[in-house]
K.L.:
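Before we start, here is the structure in question, set down as structure tokens.
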Amino acid sequence: MPISKPCAFINARSGSTTDITAPLTAKLKAKFDEIGPVEYIDPRHMGEKIVAAIEDGCDLVIIYGGDGSALSAAKLATDKNIPIVPLPGGTMNLLPKTLYDTVVWEDALEKALACLEPRWMA
């Protein structure tokens, strides 16, 4: 099923994140007719925000943070069969390096969204 309403959460306390809310929102609005929240948030609130966005119909969760942020999002989203896109914003960024061969968030997002269908990985 194609993605129709992505949302994004930026971990304000992750290793190398900055507030990319404006450029990330612009990129998503250019590609999708409808988007969910794009928020720069304290990680203590990330779980509740992800759950609320999914309940509101978001069908893709984008996480800008470290590998731990991606793992936390994956645990919540995959329970609901919702794919995630982990963007490199942590200290080591092992997952984005492996998935996208880059640590530039714009390049990782472009590569992830170029897939016509979500690709599930173990």
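Small disclaimer: the values here were computed from a predicted structure and weren't measured.
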K.L.:
NZ of Lys49: more than 12 outside heavy atoms within 6.0 angstrom?
P.N.:
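No, the 6.0 Å shell around NZ holds no more than 12 heavy atoms from other groups.
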
K.L.:
How long is the straight-line distance from NE2 of His45 back to CD of Glu39, given to the nearest 0.5 Å?
P.N.:
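It is 10.5 Å, given to the nearest 0.5 Å.
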
K.L.:
Does some side-chain heavy atom of Lys5 sit less than 4.5 Å from a side-chain heavy atom of Ile35?
P.N.:
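Ile35 vs Lys5: side chains apart.
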
K.L.:
Ile84 versus Ile62: any side-chain heavy-atom pair under 4.5 Å?
P.N.:
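They are not in contact (no side-chain heavy atoms under 4.5 Å apart), so the answer is no.
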
K.L.:
Taking the side chain as every heavy atom from C-beta outward, state whether Ile63 and Ile50 have any atom pair closer than 4.5 Å.
P.N.:
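Of all side-chain heavy-atom pairs linking Ile50 with Ile63, at least one is under 4.5 Å.
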
K.L.:
Check whether any side-chain heavy atom of Asp59 lies under 4.5 Å from a side-chain heavy atom of Pro83, and answer yes or no.
P.N.:
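Asp59 does not reach Pro83 side chain to side chain.
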
K.L.:
Could you check if a side-chain atom of Leu60 sits within less than 4.5 angstrom of a side-chain atom of Leu113, using non-hydrogen atoms only?
P.N.:
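Leu60 reaches Leu113 side chain to side chain.
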
K.L.:
Under a 4.0 Å N-O cut-off, is there an ion pair linking Asp101 with Lys111?
P.N.:
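Looking at Asp101 and Lys111, the cut-off is not met.
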
K.L.:
For the atom pair OH (Tyr100) and CG (Asp107), what is the distance rounded to the nearest 0.5 Å?
P.N.:
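Taking OH in Tyr100 and CG in Asp107, the distance rounds to 12.0 Å.
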
K.L.:
Quick one: do Trp105 and Tyr64 satisfy side chain to side chain contact (heavy atoms under 4.5 Å, CB included)? Show the steps, please.
P.N.:
CA-CA 8 Å; Trp105 75 265; Tyr64 180 54; 3.8 Å; yes

K.L.:
Considering residues, nucleotides and ligands other than Glu110, do more than 12 of their heavy atoms fall under 6.0 Å from its CD?
P.N.:
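Result for CD/Glu110: open.
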
K.L.:
About how many Å separate CD1 of Ile54 and CG of Asn81, when rounded to the nearest 0.5 Å?
P.N.:
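These two atoms lie 10.5 Å from each other.
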
K.L.:
Is Cys58 close to Pro37 at the side-chain level, that is, under 4.5 Å between some pair of heavy atoms?
P.N.:
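Counting from C-beta outward, Pro37 and Cys58 do come under 4.5 Å.
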
K.L.:
Find out whether Thr102 and Lys97 are in side-chain contact, i.e. whether some heavy atom of one side chain is under 4.5 Å from a heavy atom of the other.
P.N.:
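Answer no - side chains too far apart.
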
K.L.:
Might you confirm whether atom CG of Asp79 has over 12 heavy atoms from other residues, nucleotides or ligands at distances under 6.0 Å?
P.N.:
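Yes, enclosed.
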
K.L.:
Looking at Asp33, I want to see if its CG is surrounded by more than 12 non-hydrogen atoms of other residues, nucleotides or ligands under 6.0 Å.
P.N.:
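Count not over threshold, so no.
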
K.L.:
Checking Val61 against Val85 for the side chain to side chain contact (heavy atoms under 4.5 Å, CB included) test, could you report, in this order, the C-alpha distance in whole Å, the side-chain angles of both residues, the deciding distance, and whether it holds?
P.N.:
CA-CA 6 Å; Val61 175; Val85 170; over 6 Å; no

